[in-house]
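Presented below is the structure to which this report refers.
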Amino acid sequence: MNKPGNTDTRFDPSAADAKWQARWDAANTFAADSDSPKPKSYVLEMFPYPSGRIHMGHVRNYTMGDVLARYKRMRGHEVLHPMGWDAFGMPAENAAMEKGVHPGGWTRDNIETMKGQLKQLGFALDWTREFATCEPDYYGHEQALFLDLYEAGLVYRKESEVNWDPVDMTVLANEQVIDGKGWRSGAEVEKRKLNQWFLKITDFAEELLEGLGTLDGWPDKVRLMQENWIGKSKGLQFAFDLSNGEKLPVYTTRPDTIFGASFVAVAADHPVAQALDSEEAREFIALCKRGGTTAAELETAEKLGFDTGLTARHPFTGADLPVYIANFVLMDYGTGAIISVPGHDQRDFEFATKYGLPIPRVVAASADEADKPFTGEAEAGEGVLVNSDFLDGMDVEDAKREVISRIEAMGAGQGQTVWRLRDWGVSRQRYWGTPIPFIHCEKCGVVPVPKEQLPVTLPEDVDFQTPGNPLERHASWKHTTCPECSGEAVRETDTLDTFVNSSWYFLRFASQPADKPFDREEVAKWLPVEQYIGGIEHAILHLLYARFWTHALSAIGKLDFAEPFASLFTQGMVTHETYQLGDGSWLSPGEVRKDGADWIRIEDGAPVTTGRVVKMSKSKKNVVDPDAIIGQYGADAVRWFMLSDSPPERDLPWSEAGIEGCHRFVQRLWRLFAQSDANASGEDKPLARKTHQTIAAVAEDIEALSFNKAVARIYELTGMAEKAAPSASRNDAIDALLLLSSPMMPHLAEEAWSLAGHDTLIADANWPEVDPALLVEDEVTIAVQHKGKLRDTLTAPKGASKEDLEALALASEKVQRSLDGADIRKIIVVPDRLVNIVT
RNA sequence: GCGGGUGUGGCGGAAUGGUAGACGCCGGGGACUUAAAAUCCCCUGAUCCUUGAUCGUGCGGGUUCGAGUCCCGCCACCCGCACCA
């Protein structure tokens, strides 16, 4: 270390932040070189939607990725750490409607603002690869990929009942309907029939499920959520002979309970139900359709049925089972018809109870409980088969196999796998999205736009004063000629779901040729993403779609790997206390202050109640704007706060006191450096040890993404160095502290590094080497226990023998007092750790 | 209902089955200062008979020389899915 003696003892972020950000930019420090011989690391955070301003959630997400990216660089990796914009989507159109601005202009303005904010935070991003998905040089390639998938038979169009959001006037995917309401608008979703474009994600159901097993770097929670979403179930499909001579296929996962069947039920929109022409039947079907789909309604919905008068012949007993229309049977799962076994399925139990149908027992805990009555609910568990003819005595699994093989032998049905996953409807009746590259011709039908005519670009002159799709209303845009017959034709006016945009952006970051979406070899240099970081809210939608695109592109030979993200980390939210007036209205943190033990509104002293600490949201006004905080404390303090205290997967409660503390530490570390004596000499062994232990531990912590622990260790070493007398060891400790904290506080680290006489950037420095000899202590503290409780601690040389430790422990006065002459039965010695005396 | 997770001081949280509460925040006391800011030092789980001891990681059991950590049974809260046959 070589530092001028008169270094200012205050660190001024307002000068240093901009200075170093400009240096990194000028030197292209963080541009990733695909041809570098170094090992490659791709660190990616979920790219933001340009909603207007960066919020604290972004800051936390990108700070974590940044620390990892900078750390990897210091570890000699060539790091790809890009940033871009998920720039299509409805808020832009809402802004257009509300403020009369163009969605494109609004979006591009937001991008500029937010990019400036990200730059202020000093992220080590490769801005040369930046793109926005709303520009033709991105979405044009997306259209090409969509056509590739079409050629591979993975894109199709069909009329289907869709979830129509009456407020946003658009179609929603199943995944975008939450409790029967639109995920964005919150409006009650209606059913409509429309011609829709679909992606055949179901072709990959098995693959996507199996792939989860290879994703060791993913949280179990997310894998499980995806597994449940894909929803594989194995069972039996077989057909009943109906009394009207028709066949009725049903699906069941419990073929073992077939002898317990007491009725058959079909969905209201099942053909068997639709074919009934009585007035009562039509009324009942209408009643079912009206039934709400919200969680609360489903929970409390009474089981309702309508006896069709038809009967179904049991394949083994020959008994005639009544056929009902039931409101709890879903048309789009299995065959839309079920075989009902009330004894062993709760829904069937409720239904049978209501309509007085028999509830036979066919599974019991043991054979002698074959006639045990039910206690008010169905028993869905394991057991042994009873009252079931040839199945009696078998366990559930054997009985399933037996029934399936007998049904198969009879030719009445077969074992079958059913999935919960549906194909992905990607049509949106929206302007601000990727135009779907197809043309409708009266003569030739639906014709893909030839690739050489891509991109199909959005028209700029559109109006948003009328609801619905502006592309549909545009005077000229949709009128074109058919690529096949050259006759008059119209363009598809639907645009793609924005989840398509985010399903391949990570490929485009890795490789962006002008003439194609990506270069396969170039992509292979970087992918899969080594560490992907984002919010848990994307556990299913985005992550499943992105996996599907990668699997699909791999299947059609465009990629050499199927899974895009080797490791996934889902960070917690940034939360803040909430403030409310007596009338329930929310106040922002800036409007209130603490007055003694109470909280009041600054403006008029009105009493304020403090509420739960919840996710920052505009509606509860508990937001803190990053810009203001950066202006006040500088980027490093904000970054440090984002990493401190809370484990990254948990929520982080923002507090004024917390950021103050971080600011204090920034200054404290700076002061330690500024007030050090560069010419000091001499060794301080304990400090040197602590330094090397810290280097090793911080590296481990960062690799495990345990930033809060890394932060705590840096505090510890700082504290020890502050108290130590000047020495060469102390200067080494300060050097190490600058290096270790440089991924977290890069501006301070650069400033100090340059003042210390380095003419290179600390961003380009290597992670400090650990001296293994200094990792081990030569003296250790030994705990001495008696009766399982700590009685004394003593110091012993590292590696002392059991006998020595035993003797040392027994020599302790405190231990002797505790023993009080009792007989010693046993002494347990854990070397370098403890001695436990048992009496 | 099904599945998963989490419970440790006033708060955020540490702790390979081996000294519970590292580190930070808040709070209290003191130093420096004309004063303030900044900074520094000390204290800060509870209780008691306070040189010390007892209790203490949601609750109840268990395994162990030793349990926040492992096992069994509960409770509370959070998240996901949800008439999926």
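Remember, predicted model here, so these are calculated numbers, not experimental data. In what follows, every chain begins at residue 1, and chains take the letters A, B, ... in the order their sequences are listed.
Look at the P atom in both C25(B) and C59(B): the space between them is 30 Å, to the nearest Å. C78(B) sits 24 Å from G73(B) when the P atoms are compared, rounded to a whole Å. On the P atoms, C72(B) is 15 Å away from U6(B), given to the nearest whole Å. Distance noted for atom C1' between A14(B) and U19(B): 14 Å (whole Å). Between U33(B) and C40(B), the two C1' atoms lie 13 Å apart (nearest whole Å). Going from the P atom of A38(B) to that of C26(B) covers 11 Å, rounded to whole Å. On the P atoms, A53(B) is 50 Å away from C2(B), given to the nearest whole Å. Taking atom P in both G56(B) and G68(B), the straight-line distance is 10 Å, to the nearest Å.
Checked against a 6.0 Å centroid threshold, the rings of H663(A) and F641(A) do not count as neighbours. No close placement of the Y545(A) and H538(A) rings is indicated, their centers lying 6.0 Å or farther apart. Ring-centre distance between F569(A) and W218(A): not below the 6.0 Å cut-off.
The side chain of L834(A) lies closest to G18(B), out of C81(B), G18(B), A22(B). For I540(A), the listed nucleotide lying nearest its side chain is G80(B); candidates were G80(B), U19(B), A82(B). In this structure, of G4(B), U19(B), G12(B), it is G4(B) that holds the atom nearest to the side chain of L224(A). Side-chain proximity of D645(A) to G24(B), G66(B), U16(B): nearest is G24(B). Listed candidates were U19(B), C84(B), G12(B). Nearest to the side chain of L330(A) is C84(B). For K303(A), the listed nucleotide lying nearest its side chain is C83(B); candidates were C65(B), C83(B), C23(B). For N327(A), the side-chain atoms get nearest to C83(B) when compared with the rest of G18(B), A85(B), C83(B). Distance from the side chain of A712(A) is smallest to C23(B) among C23(B), G66(B), U19(B). Taking the side chain of R10(A) as heavy atoms from C-beta on, and the options C23(B), A38(B), A85(B), the nearest nucleotide is A38(B). With G12(B), C40(B), C25(B) as the candidates, the nucleotide lying closest to the side chain of A657(A) is C25(B).
For G24(B), neither phosphate oxygen OP1 nor OP2 lies less than 4.0 angstrom from any side-chain nitrogen or oxygen of N708(A). In this structure, R664(A) does not reach the C23(B) phosphate: none of its side-chain N or O atoms is under 4.0 Å from OP1 or OP2. For the OP1/OP2 pair of G1(B) and a distance below 4.0 Å, the side-chain nitrogens and oxygens of R347(A) include no atom meeting the criterion. Here R671(A) does not reach the OP1 or OP2 of A38(B): none of its side-chain N or O atoms lies under 4.0 Å away. Not one side-chain nitrogen or oxygen of Y251(A) sits closer than 4.0 Å to the OP1 or OP2 atom of A85(B). Checking the phosphate oxygens (OP1, OP2) of U51(B), no side-chain nitrogen or oxygen of K814(A) falls inside 4.0 Å. Phosphate proximity of G52(B) to R791(A): absent, as no side-chain N or O sits under 4.0 Å from OP1 or OP2. Put simply, K709(A) has a side-chain N or O that comes within less than 4.0 Å of OP1 or OP2 on A15(B). Distances shorter than 4.0 Å separate some side-chain N or O of R650(A) from OP1 or OP2 on G13(B).
Side-chain contact check for F707(A) versus D701(A): every heavy-atom pair is 4.5 Å or farther apart.
For the pair R817(A) and V418(A), both in contact range of RNA chain B, the more 5′-proximal nearest nucleotide belongs to R817(A). Toward the 5' end of RNA chain B, the nearer of the two residues G661(A) and D345(A), judged by each one's closest nucleotide, is G661(A).
Taking syn as a glycosidic angle within 90° of 0, G60(B) does not qualify and is anti. The glycosidic torsion of U44(B) lies more than 90° away from 0, which places this base in the anti conformation.
Side-chain contact check for T578(A) and N622(A): no donor-acceptor pair (N or O, by modelled atom type) lies under 3.5 Å.
Atom pair W640(A):CH2 and G12(B):C1' shows a separation of 15 Å (rounding to whole Å applied). At whole-Å resolution of the value, CG in D792(A) and P in G52(B) are 10 Å apart. At whole-Å resolution of the value, NZ in K789(A) and C1' in A20(B) are 14 Å apart.
Taking the six-membered ring where tryptophan is involved, the planes of Y324(A) and F263(A) are perpendicular, since the angle between them exceeds 60° and thus also 30°. Note: Y715(A) and W640(A) have perpendicular aromatic rings, judged against thresholds of 30 and 60 degrees for the angle between ring planes.
R420(A) forms a cation-pi arrangement with W229(A), by the criterion of a distance under 6.0 Å to the ring centre and an angle within 45° of the ring axis.
A donor-acceptor contact under 3.5 Å is not formed by the side chain of N228(A) with the base of C81(B).
Heavy atoms of other residues, nucleotides or ligands lying less than 6.0 angstrom from NZ of K234(A) number 12 at most.
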Salt bridge (Lys or Arg N to Asp or Glu O under 4.0 Å) assessment of R671(A) paired with E722(A) = CA-CA 9 Å; R671(A) 213 162 36 240; E722(A) 280 170 338; 5.4 Å; no
How does RNA chain B look in dot-bracket notation if pairs are Watson-Crick or G-U with both distances under 3.5 Å, crossing ones as [ ], other-strand ones as |?
-> (((((((..(((.....[....))).(((((.......))))).((((...))))..(((((..]....))))))))))))....
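Contacts of T781(A) with the nucleic acid, taken as non-hydrogen atoms under 4.0 Å apart, include base atoms.
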